[in-house]
Amino acid sequence: MRSLKSFAFFTLLLLIASVGLVHAFMKLVAVGSRLELKNNIRSINVSYTFRIPKRLIDQSIDFQLEVTRQIKDMKLVLGYYSASRNGTTYSALLKRHVDLCFFLRNPKSDRLVNRVYQLVKEHGNMPTKCPFGPGSFYMRDLRPADIPIPLFLPEAEFMLELIYRSEVRSEPLVEFRFYGKLVRIVEKLFD
C-alpha cells in the first residue's frame with residue numbers, strides 16, 4: 001500500500017513538472033445574435049449598424065441618434081434576462097430603474113450604469129447633462145466583448161433590454177433589445 005502511495009505521489013510530481021505554467025486570463029463576453037430597436041420618431045430617431053465578423057468576439061455596433069426636441073427628463077429601465085434552455089422564455093436576473101438626469105449629475109451614484117456609461121462616452125458624443133437636444137449624437141465601434149461581465153453569470157442565452165422614457169410625457173422614447181449568448185474565453189497573457 002505504501003509503495004502504491006509513493007508511486008502515485010511521484011507520478012503526480014512528474015506530471016506537474018512536465019506541464020508548464022499557463023499564463024492566461026478567463027473572461028466572459030457577450031456574443032450578439034440580433035438587435036431590436038423601436039423609437040419614437042417624433043422625439044428621437046435612432047439608426048444602427050451591427051457588424052458580425054467571422055471572429056464573433058470582434059462584433060461592433062454603431063449608433064446614430066437625431067434628437068428633434070429638447071429632452072428635459074429621461075428615465076432608463078435596464079433589464080438583463082437569461083433564456084430558458086429551449087430559448088422560449090426569459091427570466092429577469094437584473095432589473096434597474098435609473099433617473100438618467102440624476103445619474104449624469106452624480107455618475108458615482110450607480111457603479112454598474114457608470115461602467116457602461118464610461119464605455120459609451122469613450123466611443124461617442126452622447127449627452128453629458130440634462131436637458132439636451134435637439135441635436136445629433138453618435139456611438140462608433142461599441143464592442144459587446146468590451147463590456148465588463150461578472151464571471152459568476154452562467155454561459156447562457158440572454159436578452160439585454162434598455163427602455164428610455166420621457167418622464168414628463170411618460171412615453172417610451174427608445175426601446176432597445178440585444179439578444180445573444182455569454183461565452184467564456186481564455187486569453188493568453190504572454191506568448
Side-chain angles (χ1 to χ4, degrees), residues 28-50 59-83 89-150 152-154 156-182:
L28 196 58
V29 296
V31 175
S33 57
R34 67 184 167 110
L35 293 177
E36 289 179 0
L37 182 73
K38 293 180 190 173
N39 54 277
N40 181 335
I41 58 173
R42 290 178 290 138
S43 303
I44 299 176
N45 189 15
V46 182
S47 59
Y48 68 89
T49 303
F50 182 29
Q59 291 179 340
S60 67
I61 309 169
D62 293 345
F63 291 97
Q64 183 69 37
L65 290 81
E66 297 296 327
V67 179
T68 57
R69 69 173 176 86
Q70 187 178 49
I71 308 284
K72 295 180 182 176
D73 195 20
M74 185 180 279
K75 306 289 187 202
L76 166 67
V77 178
L78 178 139
Y80 177 80
Y81 301 85
S82 183
T89 59
Y90 289 91
S91 301
L93 293 180
L94 171 74
K95 196 154 191 175
R96 211 169 261 118
H97 297 265
V98 179
D99 180 335
L100 284 179
C101 292
F102 176 80
F103 171 78
L104 290 173
R105 287 190 304 272
N106 306 291
K108 294 183 179 177
S109 63
D110 192 313
R111 273 182 39 195
L112 174 69
V113 175
N114 192 23
R115 294 281 308 259
V116 175
Y117 182 68
Q118 293 307 317
L119 279 173
V120 168
K121 272 181 39 178
E122 257 177 52
H123 294 275
N125 73 338
M126 299 309 287
T128 57
K129 62 182 173 129
C130 287
F132 65 90
S136 296
F137 303 96
Y138 66 87
M139 283 182 286
R140 301 274 189 268
D141 198 33
L142 186 64
R143 294 169 36 110
D146 290 344
I147 297 172
I149 300 171
F152 63 81
L153 289 175
E157 291 186 23
F158 71 89
M159 175 185 60
L160 176 67
E161 179 180 61
L162 303 170
I163 299 175
Y164 298 89
R165 293 186 180 282
S166 168
E167 197 57 32
V168 175
R169 298 181 183 176
S170 191
E171 63 183 350
L173 297 173
V174 177
E175 293 181 30
F176 173 78
R177 289 174 188 84
F178 181 69
Y179 295 86
K181 182 174 182 151
L182 292 181

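When reading the values below, keep in mind they use all heavy atoms of this one structure, side chains included, and skip hydrogens, waters and symmetry mates. All values derive from a computational prediction rather than experimental measurement.
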Inset, instruction - Return yes if some donor-acceptor pair links the side-chain N/O of Ser43 with the main-chain N/O of Asn40 below 3.5 Å, else return no. - result: no
Inset, instruction - Kindly assign one of parallel, tilted or perpendicular to the pair Phe137 and Phe132, based on the angle between their ring planes and the thresholds 30° and 60°. - result: perpendicular
Inset, instruction - Identify the residue among Leu119, Val116, Leu112 that makes a side chain to side chain contact (heavy atoms under 4.5 Å, CB included) with Pro148. - result: Leu119
Legend entry - Check: Leu76 and Ile163 side chains under 4.5 Å, non-hydrogen atoms: no
Inset, instruction - Show your working on side chain to side chain contact (heavy atoms under 4.5 Å, CB included) between Leu182 and Ile149 and close with a plain yes or no. - result: CA-CA 9 Å; Leu182 292 181; Ile149 300 171; 3.6 Å; yes
Inset, instruction - Calculate, to the nearest 0.5 Å, the distance between atoms OG and CZ belonging to Ser60 and Phe50 respectively. - result: 8.5 Å
Legend entry - Residue list, side-chain hydrogen bond (donor to acceptor under 3.5 Å, both in side chains) with Arg140, at least two apart or on another chain: Gln64
Legend entry - Asn106 (side chain) donor-acceptor with Ser109 (main chain) under 3.5 angstrom: no
Inset, instruction - Let me see the working for Arg177 and Glu161 under salt bridge (Lys or Arg N to Asp or Glu O under 4.0 Å), right down to the final yes or no. - result: CA-CA 5 Å; Arg177 289 174 188 84; Glu161 179 180 61; 2.9 Å; yes
Legend entry - Thr49 and Ile61, any side-chain heavy atoms less than 4.5 Å apart: no
Inset, instruction - List in chain and number order the residues that pass side chain to side chain contact (heavy atoms under 4.5 Å, CB included) with Pro134, two or more places apart in sequence or in another chain; answer none if no residue qualifies. - result: none
Legend entry - Pair Leu104-Met74, side chain to side chain contact (heavy atoms under 4.5 Å, CB included): steps then yes or no: CA-CA 11 Å; Leu104 290 173; Met74 185 180 279; over 6 Å; no
Legend entry - OH-CG distance between Tyr164 and Asn39, expressed to the nearest 0.5 angstrom: 12.5 Å
Legend entry - Phe158-Tyr80 aromatic ring centre distance below 6.0 Å: yes
Legend entry - salt bridge (Lys or Arg N to Asp or Glu O under 4.0 Å) between Glu171 and Arg69, worked out: CA-CA 14 Å; Glu171 63 183 350; Arg69 69 173 176 86; 3.5 Å; yes
Inset, instruction - May I ask you to test the Asp99-Asp73 pair for a side-chain heavy-atom distance under 4.5 Å? - result: yes
Inset, instruction - Please confirm whether the backbone N or O of Tyr138 pairs with a side-chain atom of Asn125, one donor and one acceptor, at under 3.5 Å? - result: yes
Legend entry - Pair Phe103 and Tyr117, ring centroids less than 6.0 Å apart: yes
Legend entry - Arg34 vs Glu36, salt bridge (Lys or Arg N to Asp or Glu O under 4.0 Å): CA-CA, chis, key distance, verdict: CA-CA 7 Å; Arg34 67 184 167 110; Glu36 289 179 0; 2.7 Å; yes
Inset, instruction - May I ask you to decide if Asp141's main-chain N or O and Asp62's side chain share a donor-acceptor pair within less than 3.5 Å? - result: yes
Legend entry - Distance in Å, Thr128 OG1 paired with Lys121 NZ, rounded so as to fall on 0.5 Å steps: 7.5 Å
Inset, instruction - Any chance you could measure Leu78, atom CG, to Leu94, atom CG, to the nearest 0.5 Å? - result: 6.0 Å
Legend entry - Parallel, tilted or perpendicular: rings of Phe63 and Phe176 (30°, 60°): perpendicular
Inset, instruction - Search all heavy atoms of Lys72 against all heavy atoms of Cys130 and return the closest pair with its distance. - result: O-CB, 4.0 Å
